[in-house]
Asks: 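Please read through the structure below; I'll follow up with questions.
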Amino acid sequence: MAEAKWYVVHTYSGYENKVKANIEKTIENNKHLAEQILEVRVPLQDVVEMKNGARRTVQKKMFPGYVLLNMEMNDDTWYVVRNTRGVTGFVGPGSKPVPLTEAEMKPLGIKTENVSIDFGEGDSIAVVAGIWKDTVGIVQKLDYGKQTATINVELFGRETPVEISFAEVRKL
């Protein structure tokens, strides 16, 4: 088995989320692909907009027209991704995809080293850094690819799921 690396796929503008959904659906239907295509990501960034005198934070695509894939490159995965509706091709010279380097992945917030954690789903954790500092919650979901834990936080009288980095939490 080859090592999984991050690749960039060019899509039609505005089709990034559709391409992501189509690839994820293909992975769901073909179980052998789930071990080869590990993650599909449309990088987003928070942008503060002023609209009618009010400040609001919205998420915008970092790279419109591009989707990131963490996958093992082989003939099957190349064929599946390349023939997904909305994909125009891989980024690289000619038809040869080139994986992202460590330096290129760092500003995207993609971590390659694995962090070992001492908590799991259902455990109580305390947030020790970031905007949710001093918040306590129960782990609902763990995402090892993004290295985040999803916890429910009470916000405006409602339980709201929030993604917190593994580095910002500790087990109670």
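This chain uses plain numbering: 1 for the first residue, then up along the sequence.
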Asks: Test of understanding: clusters of I, L, V, M, F, W, Y form through side-chain heavy atoms closer than 4.5 Å, transitively. Do Met62 and Val47 belong to the same one?
Replies: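 Each belongs to a different hydrophobic cluster.
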Asks: Partners of Thr160 by side chain to side chain donor-acceptor pair (under 3.5 Å), sequence neighbours excluded?
Replies: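 Thr160: no side chain to side chain donor-acceptor pair (under 3.5 Å) contacts found.
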Asks: Do other residues, nucleotides or ligands put more than 12 heavy atoms under 6.0 Å from the CG atom of Asn29?
Replies: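 Check passes, neighbour count above 12.
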Asks: Applying the side chain to side chain contact (heavy atoms under 4.5 Å, CB included) test to Val67, which of Val8, Val42, Val81, Val87 qualifies?
Replies: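 So, applying the side chain to side chain contact (heavy atoms under 4.5 Å, CB included) to Val67 and each of Val8, Val42, Val81, Val87, only Val42 qualifies.
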Asks: Excluding sequence neighbours, so at least two apart, what forms side chain to side chain contact (heavy atoms under 4.5 Å, CB included) with Thr57?
Replies: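 For Thr57 the side chain to side chain contact (heavy atoms under 4.5 Å, CB included) partners, ignoring immediate neighbours, are Asp46, Val48.
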Asks: Quick test of your reading: applying ring pair (Phe, Tyr, Trp, His ring centres under 6.0 Å), list the pairs with at least one residue in residues 34-61, sequence neighbours left out, ordered by first then second residue.
Replies: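 Sorted pair list comes back empty.
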Asks: Tell me, do Val127 and Ile151 make a side-chain contact under 4.5 Å, heavy atoms counted?
Replies: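 Yes, at least one pair of side-chain atoms sits under 4.5 Å.
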Asks: Closest heavy-atom contact between Lys141 and Glu121?
Replies: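 Closest pair (atom of Lys141, atom of Glu121, distance): CA-OE2, 3.8 Å.
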Asks: Who are the side chain to side chain donor-acceptor pair (under 3.5 Å) partners of Asn83, not counting sequence neighbours?
Replies: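 Here no residue qualifies.
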Asks: For a quick test of your reading: what N or O donor-acceptor pairs under 3.5 Å do the side chains of residues 17-28 make, sequence neighbours left out?
Replies:
unit_1: Asn22; atom_1: ND2; unit_2: Lys18; atom_2: O; d: 3.3
unit_1: Thr26; atom_1: OG1; unit_2: Asn22; atom_2: O; d: 2.9

Asks: Enumerate the residue pairs fulfilling ring pair (Phe, Tyr, Trp, His ring centres under 6.0 Å) with a member in residues 121-140, sequence neighbours excluded, ordered by first and then second residue.
Replies: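 Pairs touching residues 121-140 that pass the test: none.
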Asks: Kindly write out the residues that satisfy side chain to side chain donor-acceptor pair (under 3.5 Å) with Gln140, not counting sequence neighbours, or none if the list is empty.
Replies: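 Gln140: no side chain to side chain donor-acceptor pair (under 3.5 Å) contacts found.
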Asks: Heavy atoms, side chains only, cut-off 4.5 Å: are Leu33 and Thr77 in contact?
Replies: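 A side-chain contact exists here, since the closest heavy-atom pair is under 4.5 Å.
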Asks: Applying salt bridge (charged side-chain N to carboxylate O under 4.0 Å, His left out), can you list everything that pairs with Glu163, at least two apart in sequence or on another chain?
Replies: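 With neighbours one apart ignored, the set is Lys146.
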Asks: Could you pull out all residues at least two apart from Phe119 that satisfy side chain to side chain contact (heavy atoms under 4.5 Å, CB included)?
Replies: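 By the side chain to side chain contact (heavy atoms under 4.5 Å, CB included) rule, Phe119 matches Ile117, Asp123, Ile125, Val139, Leu142, Ala149, Phe166, Val169, Lys171.
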Asks: Taking only residues two or more places apart in sequence or in another chain, which ones pass side chain to side chain donor-acceptor pair (under 3.5 Å) with Gln45?
Replies: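 If we apply the side chain to side chain donor-acceptor pair (under 3.5 Å) test to Gln45, skipping adjacent residues, there are no hits.
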Asks: Return the CH2 to OG1 distance between Trp6 and Thr101, rounded to the nearest 0.5 Å.
Replies: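 If I round to the nearest 0.5 Å, the distance is 14.0 Å.
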Asks: Apply the test ring pair (Phe, Tyr, Trp, His ring centres under 6.0 Å) to residues His10 and Tyr66: give CA-CA distance (whole Å), side-chain angles for both, the deciding distance (0.1 Å), then the verdict.
Replies: CA-CA 5 Å; His10 189 264; Tyr66 294 94; 4.9 Å; yes
Asks: What pairs with Pro99 under side chain to side chain contact (heavy atoms under 4.5 Å, CB included), at least two apart in sequence or on another chain?
Replies: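 With neighbours one apart ignored, the set is Lys5, Tyr7.
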Asks: Which distance, rounded to the nearest 0.5 Å, do you find between the CD of Gln59 and the CG of Leu44?
Replies: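 Taking CD in Gln59 and CG in Leu44, the distance rounds to 5.0 Å.
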Asks: Just so I know, are the side chains of Thr150 and Val162 near enough to count as touching, which here means a heavy-atom distance under 4.5 Å?
Replies: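 No; the side chains remain at least 4.5 Å from each other.
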Asks: Hey, does Ile37 have a side-chain heavy atom less than 4.5 Å from the side chain of Glu35?
Replies: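 A side-chain contact is absent here, since even the closest heavy-atom pair is not under 4.5 Å.
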Asks: Sequence neighbours left out, what passes salt bridge (charged side-chain N to carboxylate O under 4.0 Å, His left out) with Lys60? Give chain and number order.
Replies: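 For Lys60, the residues satisfying salt bridge (charged side-chain N to carboxylate O under 4.0 Å, His left out) (neighbours in sequence not counted) are Glu49.
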Asks: To the nearest 0.5 Å, how far apart are CG in Asn74 and CE in Met71?
Replies: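 If I round to the nearest 0.5 Å, the distance is 7.0 Å.
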Asks: Compare every heavy atom of Gly92 with every heavy atom of Val98, then report the nearest pair and how far apart it is.
Replies: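 Result for this residue pair: CG2-CA, 4.0 Å.
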Asks: Is there side-chain contact between Pro43 and Lys61, with heavy atoms separated by less than 4.5 Å?
Replies: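 Counting from C-beta outward, Pro43 and Lys61 never come under 4.5 Å.
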